[in-house]
Amino acid sequence: MQNPIQHLNDTLISRSILAADYVPTLDAMLARTLARIDLKKQQGTRTPDELWVVDHNDVYTLGQAGKEEHILQRTDTPIIKTDRGGQVTWHGHGQLVIYWLFDLDSLNWSVRNLVSHAEQAIEDVINECLASSSSNSINDDSTHISAHSRRDAPGVYLYADTANQVTSDASTKFSPDDKIMLGKMASLGFKIKHGFSYHGIAINLDCDLSAFNAINPCGYAGMQMLRLSDFVSMHRDAHDHGSDSQINDQKRASLSYEQVTQKLIDNIAKRHAGLIELRAIAPK
């Protein structure tokens, strides 16, 4: 079930879990967090923080304060009550889920720091992908697409600037007032226990977005959910068809799920090591 552990730095490791059922994954994540809390309390031991990169089997999850009214239609996909913050969302194949098992006190991070680092890491990677893509299906000479978080609603959203006045640099001052919000590409929800975080972020890369039609995503009626593959060219390594030259040309001109995943892991690892500082958060 788990791939080998990758050591990102002295205090951070990552684990990959494929075709993961939600409940066993949640149970393992909670058990690991409780064990780390106990080691710190009993022995003063700081254990390495962990990123769990998870490919979930289809599931709807309802946050701790989640309201059933946001589930619009019952399907064959299981609905699991969980202990993270937030309302209802969907996880499944083609979506990148990363759980942040971090000792916030040792990092000297507040919960607000954690949320901001998560959102800004996603912004960085999505904007890099948008800027590097030569086959953006929406961008033209008069429209620029960029990813940004919102103070009033956790997550990362895509905005269109028809005046072409912004750059792909997420550190550039951003005001949503003169932009068109296209929809939401990434969600986040954490749980904090005795200064330790778990749960994390979910980014729609090349998943089937129709699963979101059965819910109000994150509790927002009518929220349009987006995926990266509709804005940049993406490919999968397995089961490619066509000649070797055709496949190689396609891959050189596109991004893979694995490349986007590694970009995000690298960005988070730099933030964890203090190599990327938080940008100023715009006022509401």
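Counting begins at 1 with the first residue of the sequence. FYI, side chains are in, hydrogens and waters are out, and symmetry mates aren't considered; it's all heavy atoms of this structure.
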**Study point:** Minimum heavy-atom distance between H199 and G189, given as atom pair plus value
**Key:** CB-O, 3.1 Å

Practice item. Report yes if the side chains of L107 and D49 come closer than 4.5 Å at any heavy-atom pair, otherwise no. Key: yes

Review point. Under 4.5 Å between side-chain heavy atoms, hopping through other hydrophobics if needed: is there a path connecting I192 to L278?
Key: no

Exercise for review: To the nearest 0.5 angstrom, please state how far the CD1 atom of I201 sits from the OG atom of S187.
Suggested key: 10.5 Å

Exercise for review: Please name the pair of heavy atoms, one in Y60 and one in V88, separated by the smallest distance, quoted to 0.1 Å.
Suggested key: CB-CG2, 4.5 Å

Practice item. Could you check L264 against I268 for side-chain contact (heavy atoms from CB on, under 4.5 Å), going step by step and ending with a plain yes or no? Key: CA-CA 6 Å; L264 190 56; I268 297 169; 3.9 Å; yes

Check your understanding: Would you call Q262 and I265 a side-chain contact if the rule is heavy atoms closer than 4.5 Å?
Key -> yes

Check your understanding: According to the interplanar angle, ranging from 0 to 90°, do the rings of Y22 and H91 count as parallel (below 30°), tilted (30 to 60°) or perpendicular (above 60°)?
Key -> parallel

Exercise for review: Look only at the side chain of H56 and the backbone of A20, and say whether a donor-acceptor pair between them is shorter than 3.5 Å.
Suggested key: yes

Study note, to complete from the structure: Applying salt bridge (Lys or Arg N to Asp or Glu O under 4.0 Å) to R84 and not counting sequence neighbours gives none

Check your understanding: Do Q224 side-chain atoms and L182 backbone N/O form a donor-acceptor pair below 3.5 Å?
Key -> no

Review point. At their closest point, which heavy atom of A118 faces which heavy atom of L188, and how far apart are they?
Key: CB-CD1, 4.2 Å

**Study point:** Check ion pair E119-R271 (N to O, under 4.0 angstrom)
**Key:** no

Exercise for review: May I ask whether L34 and Y198 are part of the same hydrophobic cluster, defined by side-chain heavy atoms of I, L, V, M, F, W, Y residues being less than 4.5 angstrom apart, directly or through others?
Suggested key: yes

Practice item. Give a yes or no on whether the backbone of T47 and the side-chain of T45 come within a donor-acceptor separation of less than 3.5 Å. Key: no

**Study point:** NZ/NE/NH1/NH2 to OD/OE distance under 4.0 Å, R227 and D208
**Key:** no

Review point. Can you list the residues that meet the salt bridge (Lys or Arg N to Asp or Glu O under 4.0 Å) rule with D103, with sequence neighbours excluded?
Key: K40

Practice item. Kindly write out the residues that satisfy side chain to side chain donor-acceptor pair (under 3.5 Å) with N113, not counting sequence neighbours, or none if the list is empty. Key: S110

Revision key, fill the gap. d(L96 CG, T261 OG1) to nearest 0.5 Å is 4.5 Å

Check your understanding: So do the side chains of V232 and L130 get within less than 4.5 Å of each other, counting heavy atoms only?
Key -> yes

Practice item. Kindly work out whether a path of hydrophobic side-chain contacts (I/L/V/M/F/W/Y, heavy atoms less than 4.5 Å apart) joins I79 to L72. Key: no

Study note, to complete from the structure: In short, salt bridge (charged side-chain N to carboxylate O under 4.0 Å, His left out) pairs touching residues 181-204 with sequence neighbours left out are none

Exercise for review: Compute whether any side-chain donor of one residue and acceptor of the other, for H148 and N127, lie under 3.5 angstrom apart.
Suggested key: no

Check your understanding: Quick one: does T89's side chain get under 4.5 Å of F212's, heavy atoms only?
Key -> yes

Practice item. Determine, using the 4.5 Å side-chain heavy-atom cutoff (strictly less than), whether I276 and W109 are members of one ILVMFWY cluster. Key: no

Check your understanding: Distance from R112 atom CZ to S116 atom OG, nearest 0.5 Å?
Key -> 3.5 Å

Study note, to complete from the structure: Of all heavy-atom pairs linking K263 and C129, the shortest is CD-SG, 4.3 Å

Practice item. Give a yes or no on whether the backbone of W100 and the side-chain of S197 come within a donor-acceptor separation of less than 3.5 Å. Key: yes

Review point. By salt bridge (Lys or Arg N to Asp or Glu O under 4.0 Å), which residues pair with E68, not counting sequence neighbours?
Key: R74

Check your understanding: Yes or no on side-chain contact (heavy atoms from CB on, under 4.5 Å) for F190 and V111, after CA distance, side-chain angles and deciding distance?
Key -> CA-CA 9 Å; F190 291 97; V111 176; over 6 Å; no

Review point. Given side chains that start at C-beta, do those of V156 and M185 come closer than 4.5 Å, heavy atoms only?
Key: no

Practice item. Sequence neighbours left out, what pairs pass ring-ring contact (aromatic ring centres under 6.0 Å, His included) with at least one residue falling in residues 256-277? Key: F102-H272

Exercise for review: Compare all side-chain heavy atoms of R15 with those of E50 and state whether any distance is below 4.5 angstrom.
Suggested key: yes

Exercise for review: Can you establish whether the number of heavy atoms outside K81 located under 6.0 Å from its atom NZ is more than 12?
Suggested key: yes

Review point. Got a salt bridge between E123 and R279, using NZ or NE/NH1/NH2 to carboxylate O under 4.0 Å?
Key: yes

Check your understanding: Do other residues, nucleotides or ligands put more than 12 heavy atoms under 6.0 Å from the CG atom of D27?
Key -> yes

**Study point:** Side-chain (R36) to main-chain (L101) donor-acceptor, under 3.5 angstrom
**Key:** yes

Check your understanding: Do side-chain atoms of N57 reach the backbone of A19 as a donor and acceptor pair under 3.5 angstrom?
Key -> yes

Check your understanding: Could you state the interatomic distance from CD (Q43) to CG (D38), rounded to the nearest 0.5 Å?
Key -> 8.0 Å

Review point. Centre of Y157's six-membered ring, under 6.0 Å away, within 45 degrees of the axis: is that where NZ or CZ of R150 sits?
Key: yes

Point to revise | H93 and D58: side chain donor to acceptor below 3.5 Å | key: no

Check your understanding: Minimum heavy-atom separation for V97 to A202, with atom names?
Key -> CG2-CB, 4.0 Å

Review point. In terms of hydrophobic clusters joined by side-chain contacts under 4.5 Å, are M181 and L209 together?
Key: yes

Review point. Is there a donor-acceptor pair closer than 3.5 Å between any side-chain N or O of Q95 and the backbone N or O of W90?
Key: yes

Exercise for review: Grab the two heavy atoms, one from A186 and one from I122, that are nearest each other, plus how far apart they are.
Suggested key: CB-CG2, 3.8 Å

Exercise for review: Dump the intermediate steps for side-chain contact (heavy atoms from CB on, under 4.5 Å) on M223 and N216, then the final yes or no.
Suggested key: CA-CA 7 Å; M223 175 61 72; N216 289 329; over 6 Å; no

